[in-house]
**Q** 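Shown below is the structure under consideration.
In what follows, chains are A, B, ... by sequence order, proteins preceding strands, each numbered from 1.
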There are 2 protein chains.
Amino acid sequence: MTPRSKNGKPTMRDVAARAGVSSMTVSRVLRDDPRISESTRRDVLGAVAALGYRINENARALRLGQGTRLVALMVTNLANPFYSRLALGVESELERQGLFTVVANTADSETKERALTTDFVGRRVEGLIVVPAGEDHTHLRAEHTAGTPAVLVARPPVGHGADCVLVDDFGGGRALAGRLLDEGHRRIAFLGNAEAVYTTAERLRGFLAAHDEAGLRHDPALVRHGGTDPAEALGAAAELLATGPTAVVTANNRNTLAVLRAAKASGARVAVAGFDDVDTADLLDAPLTVAAYDAQEVGRRAARMLLERLDTQASPPAPRTSVVPVEIRTYEGAARG
Amino acid sequence: MTPRSKNGKPTMRDVAARAGVSSMTVSRVLRDDPRISESTRRDVLGAVAALGYRINENARALRLGQGTRLVALMVTNLANPFYSRLALGVESELERQGLFTVVANTADSETKERALTTDFVGRRVEGLIVVPAGEDHTHLRAEHTAGTPAVLVARPPVGHGADCVLVDDFGGGRALAGRLLDEGHRRIAFLGNAEAVYTTAERLRGFLAAHDEAGLRHDPALVRHGGTDPAEALGAAAELLATGPTAVVTANNRNTLAVLRAAKASGARVAVAGFDDVDTADLLDAPLTVAAYDAQEVGRRAARMLLERLDTQASPPAPRTSVVPVEIRTYEGAARG
DNA sequence: CTGTTAGCGCTTTCAG
DNA sequence: CTGAAAGCGCTAACAG
């Protein structure tokens, strides 16, 4: 019996009818227009409560020509703590500007990323923050996003200019290898992962640069790539240890743990230095060196870049890149006798 | 010069004008209506490309009386891996139904949760999945959400019926304490956290139940609560250890690590058994028992419940509750000589 | 094959 | 103080 619009929710007209006024009056009451009589206001609010009416912000925004105040964040793997911290950083920074964050997972699929981008642009999100899944970034170019600005994270734009926040992958890889070389290691293996193409490549490049700078040639047989799967990573780590390195540099958390496990299982004694901090590192059995960086800060910077772009949409300056530093930390492992 | 609507993006009319057709024709081309001549189609698509036009899905949905295909997920702390896994579970389950997930962080603030709820309902999300920040759930009742269904996670509804997915907190607390009692411990401390009121209370209740069942009285002085902050938790853990327990049960990950650190620092020898799995547990110096559960599964169940509710919105069955089981796992710690 | 009219739910503008 | 008309961007329902 209650009058309802198609989608099942009452409309302003329903409220107006019940209160015996026009929908304009309802609109005014809801927006606290001062020139409304107390009695009318009461009647309207009564009808609102009775019907459980909530204004339709989408219709309102359409009429007002306003934006959605929505920003879409697309990450490759939400289960990875790096991305959840990233999301938190983005969210916290956007929230203070009254913007909402829509988080979507691309599961490392370029196809999904493209589909999501199209959808989000269609929904008129005000901006995109993306950890690109692949190398093809055409769908992120302004021509394809109807001008919706995009900020890339962790991987630089390919084939076009775009704002972007990176981690100092090269510097971190170089520093990790440098540490080990300083400690006298000469047979240092590298365990990366094939998916994170850019990231791993940079970290490896830094690793090799440190060898160059030390005047050493690096044995390519000591470089290996684990997969996305922890089990795969463990296998790769075991193989790598079998080649007899005295130390290993890893390109991410998963690989770091894989090496520690493989070493524990085989009883091999290797120094381990890897990317991403391990939050229980101080409680581990074995010593560990890590290249740590602030994932939340990455998110905050990306958000800020987007906000600046939104402010200046009329006269966009050149695309900018921001590089978040990494910090080397060492943990001693369990104190033994 | 390019004609553009207020928010800066071209509209269908702009495309129509440029292609020399009516907007209906553009609409048809975009939706692949077969009865459009090839040449017209080409002209329209040309104009679309030239202007960088993307259809406004919001306007379309308004006209069609369609829903938004959006579901809002509100969590108390996105930085906590539990919630990011939860989000992944929700996202993966909703995605297969073509629904998008909007993730928002309430930062444990009831006020923020209420504001977000109002906003999301106004935006006409199709459902809400909420980890409630506080005890006041009035804003989540159907009367306040204009009928938008809500599923609660981790904490049950208070003061109203609602779908809800819980973890077996009681059972887990009971099992953890039971383990330690079986091992002969008689002085077992409990470290909880005040914020997660319901969760901690249930875990403690289970802990005490195990003591009851063993015919033992538990000393209330052995119960303490750490804060949200890791430093605070460490302090509480240290105090607790100073009371000389032979074992500690912890209510969450943060507290587990706090106890391990405090024990390491003071050299105290205590057995530790706590809620939440620790992914490096097998690499730790010390042995550890945990109550583990599948956070992604919690998210999947919540999403499925919501989907069922959306299907049957006309004749809603009674609110349902689903309890995700916990599994006790033991890790041996570093093998010593 | 293509255009006109009307209206989704809301609000601005202009009249009362 | 309140209402009627027009229109945000789009599309169903009818023309032609």
**Q** If the condition is ring pair (Phe, Tyr, Trp, His ring centres under 6.0 Å), which residues does A:Phe82 pass it with, not counting sequence neighbours?
**A** A:Tyr293

**Q** Suppose we screen for salt bridge (Lys or Arg N to Asp or Glu O under 4.0 Å). Which residues come up paired with A:Glu57, at least two apart in sequence or across chains?
**A** none

**Q** Side chains of A:Thr76 and A:Tyr83: any donor to acceptor distance under 3.5 Å?
**A** yes

**Q** Can you tabulate the close N/O pairs, meaning under 3.5 Å, that link protein atoms to atoms of nucleotides 10-12 of chain C?
**A**
from, atom 1, to, atom 2, distance (Å)
C:dC10, OP1, A:Tyr53, OH, 2.4
C:dC10, OP1, A:Asn56, N, 3.0
C:dC10, OP2, A:Met12, N, 2.5
C:dT11, OP1, A:Arg31, NE, 3.4
C:dT11, OP1, A:Arg60, NE, 2.3
C:dT11, OP2, A:Ser27, OG, 2.6
C:dT11, O2, A:Arg63, NH1, 2.5
C:dT12, OP2, A:Arg31, NH2, 2.9

**Q** Keeping to residues at least two apart or across chains, list the salt bridge (Lys or Arg N to Asp or Glu O under 4.0 Å) pairs with something in residues 139-154 of chain B.
**A** B:Arg141-B:Glu143

**Q** Tell me, please, which residues at least two apart from A:Pro156 pass side chain to side chain contact (heavy atoms under 4.5 Å, CB included).
**A** A:Cys164, A:Leu166, A:Tyr198

**Q** With sequence neighbours excluded, tell me which residues meet side chain to side chain contact (heavy atoms under 4.5 Å, CB included) with A:Ala72.
**A** A:Phe120, A:Val125, A:Leu128

**Q** Using the salt bridge (Lys or Arg N to Asp or Glu O under 4.0 Å) criterion, which residues pair with B:Glu93? Sequence neighbours excluded.
**A** B:Arg96, B:Arg304

**Q** List in chain and number order the residues that pass salt bridge (Lys or Arg N to Asp or Glu O under 4.0 Å) with B:Arg320, two or more places apart in sequence or in another chain; answer none if no residue qualifies.
**A** B:Glu308

**Q** Could I get the full list of side chain to side chain contact (heavy atoms under 4.5 Å, CB included) partners for A:Ala107, not counting sequence neighbours?
**A** A:Asn105

**Q** Would you work out how much the helix from C:dC1-D:dG16 to C:dG16-D:dC1 bends between its ends, with each end axis defined by five base pairs, to 10 degrees?
**A** 50°

**Q** Output all residues satisfying salt bridge (Lys or Arg N to Asp or Glu O under 4.0 Å) with B:Arg85, sequence neighbours left out; order by chain, then residue number.
**A** none

**Q** With nearest nucleotide decided by heavy atoms, which residue, B:Ser22 or B:Leu62, maps closer to the 5′ end of DNA chain C?
**A** B:Ser22

**Q** Is any side-chain N or O of B:Thr25 closer than 4.0 Å to OP1 or OP2 of C:dG3?
**A** yes

**Q** For DNA chain D, which residues of residues 33-43 of chain A approach it to below 4.0 angstrom with any heavy atom?
**A** A:Arg35, A:Ile36, A:Ser37, A:Thr40

